Amino acid sequence: MSEGNVRVRFAPSPTGYPHVGNIRTALFNWLFARHTGGKFIVRIEDTDVTRKVRGAVEAILDSLRWLGIDWDEGPEVGGDYAPYVQSERRDLYQKCAQQLLEGGHAYKCYCSSERLSQMRAEMAERKESMRTYDRRCRDLTQEERDKLEAQDITHVVRFKTPLEGTTSFNDLIKGDVTFDNCTLDDFILLKSDGYPTYHLANIVDDHLMQISHVLRADEWLSSTPRHILLYQALRYEPPEFAHLPMILGPDRAKLSKRHGATSIIEYRDRGYLPEAMVNFLALLGWALDDKTEIFSKEELVQYFSIERISKTSAIFNKDKLDWINGFYIRKDAVIEAPTAQASATALVPQMSSNFVERLSESLDRDLPTEVKRPISKEYVQQIAPLIYERLKKFGEAAELCKFFFIEPVPQTILPTDIPSEEKFGMPTIYPGDKLVYDAKLLLGKNLTKEAAMAGLEAALRRLQDVPFDASSLDLELRFLAGELGLKTGDFFGLLRVAVTGRTAAPPLFQTMAVLGRERCLRRVEAALGKLGLV
Ligand code: GLU
């Protein structure tokens, strides 16, 4: 098959919201199509009516659109392509089932579900290896069939799997794979409701859509011999197969919710960037070499190949995702390198409007409702350069920036359940919408209550008339520390807690300049008031 004729598909079943594994499959197919100049198709495999989940199709398509995984064909709707949907193509599968029946490759099975359960129970009792069906209807005489038909008993159509021999295929990742036919059942092709099973609909569509390569999750490997047998029975040429490596959690267990394998949409809502997600997903089972971690989408398209897909399972590493996301956030954030002449404290890089836009959106979404809306873009623009370096995902922006919007509240008596863990790289002092902090934090490691109070009182006076830009604040407050006989580290730590309610925050003077005189004075005053009670 020449590469130009590549036709691949992503064929999700809408039985749930798409997770990392599903979308990794979509991405690999898309990359392969784009790399080879082939076509990428989306096909919704919704023939299992009982397992359909409401909203799943939308979630699948939203995820693809968010990541820029576009498809090239499908029924046209409003100048756009809709995905193919199997439930709308039922007659095609029924025709095919009929063809298989007529060719002697399939048969009607009239067994009731009660009979099947009983059969399975008996097999279990006899400790026979579990089969889903004992083939009772496989060899019915025409007379017996006619009788059953006359009784109007509902039936399913089953495939007449060869009883002996083997079925082999070459998997582009795993190599030669062989299954003994005796391990395969007479699986159902058409259900009693007239819907096809996955096996039938999947191969009919792969054939009709001229799919050249099937890249799909490892879990489908055991279905492939059934598909090959179907292709043979119908005299269709099978596509090439490539079963993608499993994705495991860091504990090497199958990836699950527990590992943070939530739906892709949730990652979007938590503030991950699509370019980071694409980069991360591409590395789940594919690598160019043993060192390159950052790939733009264009580079992935350029380099992607099935040969470089790994045989061994991929490990889902959330820290890596965060690291990649942080990389893209920073890459996008700054548009102008700070000039060398600018003084160290005035060194504020200019933020891209894209970054400011995304930051504003996330703050609007995540800041507590008490913060007035709309959130001022101008204010966000000033905050952005102070936090962008620490930001690993937009979902944590509100937590990082909270003190710019909410008054910190010093407390002397605190609830006992204060979590001590570090959250988002900053000690969480008290969770929730209020920015409550322990007034004792004002003392830092070295200050006495008296020294801290004297420090805050002096700061209060000095902050009334000092020019409120970062370099003036730096100069004046450094000076003041000297006058008070305090170490700058202790004094600045005191001020940091007073104005931000945190022990770790962005650069103090720039932060104060952005907060502005009025807010800073109010906060220092509040801190001083509580310090008296410590
Ligand atoms: N509908 C199957 C799924 O949900 C498709 C498997 C395949 O690609 O053949 O993953």
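Along the sequence shown, residues carry numbers from 1. Reckoned from all heavy atoms, side chains included, excluding hydrogens, waters and symmetry mates. One-based numbering, in listed order, for ligands and for the atoms of each. Since the structure is predicted, the reported quantities are computational estimates derived from the model, not experimental observations.
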Checklist entry - Are Tyr93 and His199 near enough that their ring centres are under 6.0 Å apart? => result no

Item to check | Pairing residues for Lys320 by the side chain to side chain contact (heavy atoms under 4.5 Å, CB included) criterion, not counting sequence neighbours | outcome: Phe280, Leu283, Glu293, Asn317, Ile324

Item to check | Under 3.5 Å: donor-acceptor pair, side chain of Asn325, backbone of Leu321 | outcome: no

Next on the checklist: Return the closest protein heavy atom for atom 4 (O) of ligand 1 as residue, atom name and distance.
Outcome noted: Ser13 OG, 3.1 Å

Item to check | Part of Thr15 with heavy atoms under 4.0 Å of ligand 1, whether side chain, backbone, both or neither | outcome: neither

Checklist entry - Mind checking whether Arg9 has a heavy atom under 4.0 Å from ligand 1? => result yes

Checklist entry - If you count the atoms of ligand 1 from 1 in the order shown, which ones are under 4.0 Å from a heavy atom of Glu45? => result 1 (N), 2 (C), 5 (C)

Next on the checklist: Show the atoms of ligand 1 that are less than 4.0 angstrom away from any heavy atom in Tyr198.
Outcome noted: 2 (C), 5 (C), 6 (C), 7 (C), 9 (O)

Next on the checklist: According to salt bridge (charged side-chain N to carboxylate O under 4.0 Å, His left out), who are the partners of Lys174, at least two apart in sequence or on a separate chain?
Outcome noted: Asp218

Next on the checklist: Using 30° and 60° as the class boundaries, would you call the ring planes of Trp220 and Tyr198 parallel, tilted or perpendicular?
Outcome noted: tilted

Item to check | Element-labelled atoms of ligand 1 that are located less than 4.0 Å from some non-hydrogen atom of Asn202 | outcome: 7 (C), 9 (O)

Item to check | Within 6.0 angstrom of Glu164 CD, more than 12 heavy atoms from elsewhere | outcome: no

Checklist entry - Among Pro14, Pro12, Ala11, whose heavy atom sits nearest atom 5 (C) of ligand 1? => result Ala11

